[in-house]
A.B. asks: 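Let me begin by handing over the structure; questions about it come next.
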Amino acid sequence: MYSFNIYKKPTGEIKAVKKGWSLNACFFGPIWAFMKGLYGLGAVILLPYLWVPFRYYALSQYSYEFHQTPALLTYLWAVLAIWLGVKGNRLWENGLKKKGYEFMGTVNAVTPESAIALFSKR
């Protein structure tokens with residue numbers, strides 16, 4: 001069982017956000033952000049994934065020092081992924097609040113869909 005924070009928009013739309021670690025945000029960072037409507041965050045996360053490999057491959061043929069960067073990039077991407085896993089759900093909650101959703105309470109359930117169903121029965 002997981003704890004889900006329930007957010008409701010005045011139009012009646014309900015979202016359930018899991019408390020704690022976000023596995024999807026960790027592994028699918030930019031895609032996850034775009035799917036959750038966090039377009040600014042998704043663009044910011046996507047830039048290092050696109051720019052750094054381009055820079056590495058474009059400049060590696062001219063300088064030996066660029067051959068050492070993949071290990072550093074791996075560590076940086078791992079730190080970014082862990083940060084997203086830890087903070088992802090809170091970032092999504094803040095995005096929902098900015099879109100007009102109100103916090104309605106916390107529900108214990110197995111899936112977000114079952115959390116919304118349990119909340120709706122109340």
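Counting begins at 1 with the first residue of the sequence.
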A.B. asks: What side-chain donor-acceptor pairs closer than 3.5 Å can you find for residues 105-114, not counting sequence neighbours?
C.D. replies:
| residue | atom | partner | partner atom | Å |
| --- | --- | --- | --- | --- |
| Thr106 | OG1 | Asn5 | OD1 | 3.0 |
| Asn108 | OD1 | Ser3 | OG | 2.8 |
| Thr111 | OG1 | Ser114 | N | 3.1 |
| Thr111 | OG1 | Ser114 | OG | 3.0 |
| Ser114 | OG | Thr111 | N | 3.1 |
| Ser114 | OG | Thr111 | O | 2.8 |

A.B. asks: Nearest 0.5 Å, what's the CD1-NZ distance between Ile14 and Lys9?
C.D. replies: 13.0 Å

A.B. asks: The criterion is salt bridge (Lys or Arg N to Asp or Glu O under 4.0 Å); which residues satisfy it with Lys8, sequence neighbours excluded?
C.D. replies: none

A.B. asks: Examine Leu96 and Met104 and state if one hydrophobic cluster contains both, with Ile, Leu, Val, Met, Phe, Trp and Tyr joined whenever side-chain heavy atoms are less than 4.5 Å apart.
C.D. replies: no

A.B. asks: Rounded to the nearest 0.5 Å, how far does CH2 of Trp92 lie from OH of Tyr7?
C.D. replies: 10.0 Å

A.B. asks: Given the rule that I, L, V, M, F, W and Y join up when any side-chain heavy atoms are under 4.5 Å apart, are Leu80 and Leu41 in one cluster?
C.D. replies: yes

A.B. asks: Linking I/L/V/M/F/W/Y whenever their side-chain heavy atoms sit closer than 4.5 Å, directly or via other members, would Leu118 and Phe103 fall into one cluster?
C.D. replies: no

A.B. asks: Can you name the salt bridge (Lys or Arg N to Asp or Glu O under 4.0 Å) partners of Glu102, sequence neighbours left out?
C.D. replies: none

A.B. asks: Can you name the residues that form a side-chain contact (heavy atoms from CB on, under 4.5 Å) with Tyr2, not counting sequence neighbours?
C.D. replies: Phe4, Lys18

A.B. asks: How far does CG of Leu84 sit from CD1 of Ile45, to the nearest 0.5 angstrom?
C.D. replies: 4.0 Å

A.B. asks: Who are the ring pair (Phe, Tyr, Trp, His ring centres under 6.0 Å) partners of Tyr101, not counting sequence neighbours?
C.D. replies: none

A.B. asks: Name all pairs fulfilling the salt bridge (Lys or Arg N to Asp or Glu O under 4.0 Å) condition that reach into residues 82-98, sequence neighbours left out, sorted by first residue then second.
C.D. replies: none

A.B. asks: Show me the donor-acceptor pairs within less than 3.5 Å that the side chains of residues 19-38 make with the rest of the protein, sequence neighbours left out.
C.D. replies:
| residue | atom | partner | partner atom | Å |
| --- | --- | --- | --- | --- |
| Ser22 | OG | Ala25 | N | 3.2 |

